[in-house]
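Data block below; observations after.
Residues take their numbers from the sequence shown, with the count starting at 1. In listed order, ligands and their atoms are each counted from 1.
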Amino acid sequence: MRILIANDDGYLAPGIAALVQACQGLGHIDVIAPEQNASGTSNALTLSRPLSVFQARGEHIAGFRVVNGTPSDCVHVALTGLLPHKPDLVLSGINNGANMGDDTLYSGTVAAAMEGYLFGIPAIAFSQAEKGWAHLDAAAATARAIVEQVLAAGRPGPWLLNVNIPNRPDAASLPRLVTRLGRRHASEPVIRQTNPRGEDIYWIGPAGDAREAGEGTDFHATANGAVSITPLQVDLTDHAQRGSWAGMLGSPLA
Ligand code: MN
């Protein structure tokens, strides 16, 4: 069993060290993570410059390889030449904060796992539901339990799971629900400030609150003391509306 672990918070983030530690004994582990915090970079690849890879040094991160790029860069480079073998499983995280509903479109954590999935490898993205790393050990134990479960099930890949774990000391013993993505309200307004040269600058506002958070959603599960496991797919086609568009545009369905 060969496991590739990446994240989007950067190689120094506590979440990836906790995930790597929790997965000890499951097989050979390669860790390839971004140099900088790359949260919110989605599936971006760096095409305008070459990428460098260096070995991390220090307690908890010894052996990690570091890429001066995005989360998708890390997994892409790993799978297209850096690793001498194809991993059996790609893990991403543990992220500092939720990746639920619309977050999944912006998330570098989900994107790193998705890059594995796009290369035909089973992949899981792990996030804690709240920022701040409270009860990270319990989240890591939960991640380990889920990895063990899916490995034992031996389900053929590719598949992609998005896991959000409540920040609780008893996370590993909470029920685990298979959910669907909820929806968020549109993001909060941009925050305008003035820089020292008197020019306007803009900070992207925080993500909106949950809008569709009813039973069955990831938001509902984590708000009610369960671990949320959402199977994801990548096809963005609006299958249900293809017929109505064909009629409206007078264009036959292909
Ligand atoms: Mn992040």
Given the rule in the side-chain contact (heavy atoms from CB on, under 4.5 Å) test, do F119 and V90 qualify, once you have shown the distances and angles that lead to the verdict? CA-CA 10 Å; F119 276 84; V90 175; over 6 Å; no
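A heavy-atom distance below 4.5 Å is found between the side chains of I124 and W159. Counting heavy atoms from C-beta on, the side chains of T217 and T179 never come closer than 4.5 Å.
The Mn ion (ligand 1) has no N, O or S atom of N99 closer than 2.8 Å. At a cut-off of 2.8 Å, N96 is not counted among the residues with an N, O or S atom near the Mn ion (ligand 1).
Within the structure, the salt bridge (charged side-chain N to carboxylate O under 4.0 Å, His left out) test picks out the following pairs touching residues 187-202 (sequence neighbours left out): R197-E199.
Looking at D9 and the Mn ion (ligand 1) together, the shortest N, O or S contact belongs to OD1. When the N, O or S atoms of D8 are ranked by distance to the Mn ion (ligand 1), OD1 comes first.
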